[in-house]
Structure formats: C-alpha cells, structure tokens
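Each remark here refers to the structure printed beneath this line.
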Amino acid sequence: MNSVRARLERLLAWLRKVDPDVLCLQELKCTDEAFPHDAISHACRQAGEAGYHAAVFGQKTYNGVAILSRSAPAEIELGMADDADDPQARLISALIDGFRVFSAYFPNGGEVGSEKWDYKLEWMRRLLEHFDHRASPSDRIVLCGDFNVAIDDSDVARPEQWAGSVLCHDDVRDALERLRDWGFVDVFRKHHPEGGIYSWWDYRMLGFPKNDGLRIDHVFATAGPASRCTSAEVDRDERKGKKPSDHAPIVATFDV
DNA sequence: ATGGTTGCTTAGCAA
C-alpha cells in the first residue's frame with residue numbers, strides 16, 4: 001500500500017465502503033508504535049458495531065505487514081519462525097474465524113542477479129519450508145499479499161517489456177509454482193482464467209494511464225477454502241483518485 | 001540502458 005500513514009484516510013474510506021471481514025496489508029512503512037491503531041480500531045464503528053482489530057508486524061521505513069479483522073485474531077505469528085536472521089518484517093499470520101490467514105510482502109528483488117534477488121529467492125524457499133514444516137494442505141489457510149511475481153504472461157499487459165524482470169523471471173515463477181504445488185489454489189485465476197486483469201501499475205512510466213499493469217497481488221487458499229471461494233475481483237477504482245497506492249486491492253469472497 | 005513517481009527521511013534508498 002506504500003505507507004499506511006500516508007494513505008490512512010483512503011484506507012478508512014475503503015473499509016467503510018467494502019466492509020471486509022479481513023484485510024491484509026503490506027508495505028506499511030512504519031513501526032508498530034507508529035501504526036494508526038486508534039483510527040483503525042474505530043473505523044466503521046457505528047450503531048454499536050465493533051471496529052477492526054489489527055495484528056501488526058511493523059518496521060521502520062520499509063516493509064511492514066498487518067491483518068485487520070472484525071473478529072479478534074488469535075495465535076498471531078510474526079515472520080517465518082525459522083533459524084534465519086532476517087530483520088525484514090514481511091510475514092504475519094493469525095487465526096481468524098477458524099482460518100489461518102497470512103499477510104505476505106514478498107521481496108521485490110531489485111535487479112536479477114543482485115543481493116536483493118538472492119534474498120527474494122531465499123525468502124520464497126523459506127516460505128515453502130515454513131508450510132512444509134508447520135502446516136498441512138488440509139488446513140484452512142488463506143495466503144494473501146504482494147507476491148511480487150506475475151504468475152504467467154496472461155498476468156502482464158506488456159509481457160515483452162517485463163520479460164526476464166524480477167517480477168516475471170522463470171526462477172521466481174518456478175519458486176511460486178512450487179509454493180502453489182504444496183497445496184494452494186490461486187483463487188483469482190479460478191474465477192478469471194482468461195487473465196488480462198492487473199493489480200499493480202508502476203508510478204513511474206505512467207503505468208496506470210497506459211494500463212501497463214501486472215497481477216502480482218494474489219490470494220492463495222488451500223483446497224477447503226478455495227472450493228468455497230465464490231468471487232475474486234480487483235478493485236481497480238481504488239487505483240484512481242488522489243494519492244492512490246500503486247496497488248489495487250483484491251477482494252475475495254468465501255462462503256463459510 | 002535509462003527514465004519516470006512516491007514515501008520516508010533528510011540526499012539517498014527502495015519500490
């Protein structure tokens with residue numbers, strides 16, 4: 001979302017408009033202390049209704065992820081809980097209404113071949129290992145976030161322009177395929193097999209006016225919840241207007 | 001190959 005503080009008013013307006021049960025946020029760009037807990041806990045509170053709970057894993061300046069929910073989150077986990085010494089706040093999960101919900105901010109990767117690129121591949125390997133060691137495909141899991149990977153060229157408006165980039169390279173597509181093969185369904189693709197719908201447009205190069213977009217934000221669900229996913233859409237209007245994020249939200253609906 | 005924009009933090013980095 002490119003800073004929760006810079007876009008707080010937009011966030012609150014979106015919560016009022018869409019009224020989601022759960023919202024996964026990435027790229028907060030603030031510490032836990034600076035997170036706007038009060039505004040969000042009061043958001044949409046009306047007629048005696050509760051506001052949103054927030055499970056937050058913040059970091060100064062960069063990264064930062066959160067999960068907002070109507071129901072109280074339980075068993076909140078920060079990061080991968082592995083042996084890696086990783087100071088970057090890119091993963092949080094919580095148990096909400098019987099679902100293990102993850103908000104993930106996959107590394108961008110900088111340039112192919114760089115240190116950031118190696119970190120991206122290693123982070124994706126660690127995430128798969130996390131599920132291998134600590135979860136089962138029969139669990140009810142929903143993994144949401146900015147994956148920084150366009151799964152195939154149907155998710156890229158101008159594939160020739162992005163070919164071989166950190167968002168489209170075979171190595172990250174392969175890594176994401178391995179993660180999906182662990183037991184996830186791309187629920188957006190399930191409802192839009194034709195592709196051609198995007199979730200992110202670069203601020204640079206005037207990506208949005210030219211619709212030079214990519215679908216790099218995903219909702220992955222294990223088979224149980226995936227079979228109960230009744231719709232998934234990009235809220236493209238949210239990329240418009242004053243001070244938009246460079247991403248548009250994905251809205252997925254589950255019959256529970 | 002570079003550019004273009006945005007936010008955080010203060011001119012440079014990350015995206």
Open item on the list: Quiz question: by atom type and distance under 3.5 Å, do the side chains of A:Asn108 and A:Lys120 form a donor-acceptor pair?
Closed with: no
- [ ] Taking A:Tyr198 for its side chain and A:Asn211 for its backbone only, find out whether a donor-acceptor pair lies under 3.5 Å.
- [x] no
Nucleotide [N], atom [atom2] - distance to [atom1] of [X] in whole Å:
X: A:Gln59; N: B:dA14; atom1: CD; atom2: C1'; value: 12 Å
X: A:Lys60; N: B:dG7; atom1: NZ; atom2: C1'; value: 13 Å
X: A:Glu111; N: B:dC13; atom1: CD; atom2: P; value: 14 Å
X: A:Asn63; N: B:dA15; atom1: CG; atom2: C1'; value: 10 Å
X: A:Asp246; N: B:dA14; atom1: CG; atom2: P; value: 16 Å
X: A:Trp200; N: B:dA15; atom1: CH2; atom2: P; value: 11 Å
X: A:Lys120; N: B:dA14; atom1: NZ; atom2: C1'; value: 14 Å
X: A:Phe106; N: B:dA14; atom1: CZ; atom2: C1'; value: 19 Å

Task: Distance (rounded to the nearest 0.5 Å) between A:Arg7 CZ and A:Lys243 NZ - done: 6.0 Å
TODO: Nearest 0.5 Å please: distance from the OG atom of A:Ser93 over to the CE atom of A:Met80.
DONE: 11.0 Å
So which protein nitrogen or oxygen atoms get under 3.5 Å of nucleotides 3-6 of chain B's nitrogens or oxygens?
| unit_1 | atom_1 | unit_2 | atom_2 | d |
| --- | --- | --- | --- | --- |
| B:dT5 | O4' | A:Tyr203 | O | 3.3 |

Using the [atom1] atom in both, what is the distance from [N] to [M], to the nearest Å?
N: B:dG3; M: B:dG12; atom1: P; result: 16 Å
N: B:dT2; M: B:dT6; atom1: P; result: 22 Å
N: B:dT10; M: B:dA14; atom1: C1'; result: 15 Å

TODO: Just do the side-chain hydrogen bond (donor to acceptor under 3.5 Å, both in side chains) check on A:Asp212 and A:Trp201 with the steps written out, would you?
DONE: CA-CA 6 Å; A:Asp212 177 10; A:Trp201 298 260; over 6 Å; no
Task: Stacked cation flag A:Arg140 on A:Phe99, 6.0 angstrom / 45 deg - done: yes
Open item on the list: For A:His130 and A:Phe102, take the angle between the two ring planes, folded into 0 to 90°, and tell me which bin it lands in: parallel under 30, tilted 30 to 60, perpendicular over 60.
Closed with: perpendicular
Open item on the list: Ring-plane angle category for A:Trp182 and A:Phe131, please: parallel below 30°, perpendicular beyond 60°, tilted otherwise.
Closed with: tilted
Open item on the list: What contact category does A:Phe208 fall into here, base, sugar-phosphate, or nothing, at under 4.0 angstrom with non-hydrogen atoms?
Closed with: nothing
Open item on the list: Below 4.0 angstrom, which residues in residues 163-177 of chain A have at least one non-hydrogen atom near DNA chain B?
Closed with: none
TODO: Report the residue (A:Ser3 or A:Arg90) whose heavy-atom-nearest nucleotide on DNA chain B is the more 5′ of the two.
DONE: A:Ser3
Task: Phosphate-side-chain proximity, A:Lys116 and B:dA14, N/O vs OP1/OP2 below 4.0 Å - done: yes
- [ ] Output all residues satisfying ring-ring contact (aromatic ring centres under 6.0 Å, His included) with A:Trp162, sequence neighbours left out; order by chain, then residue number.
- [x] A:Trp200
Open item on the list: If you only use heavy atoms from C-beta on, which nucleotide in B:dC8, B:dA14, B:dA15 is closest to the side chain of A:Asn108?
Closed with: B:dA15
TODO: May I ask you to decide whether A:Glu122 forms a salt bridge with A:Arg125, counting only side-chain N to carboxylate O separations under 4.0 Å?
DONE: yes
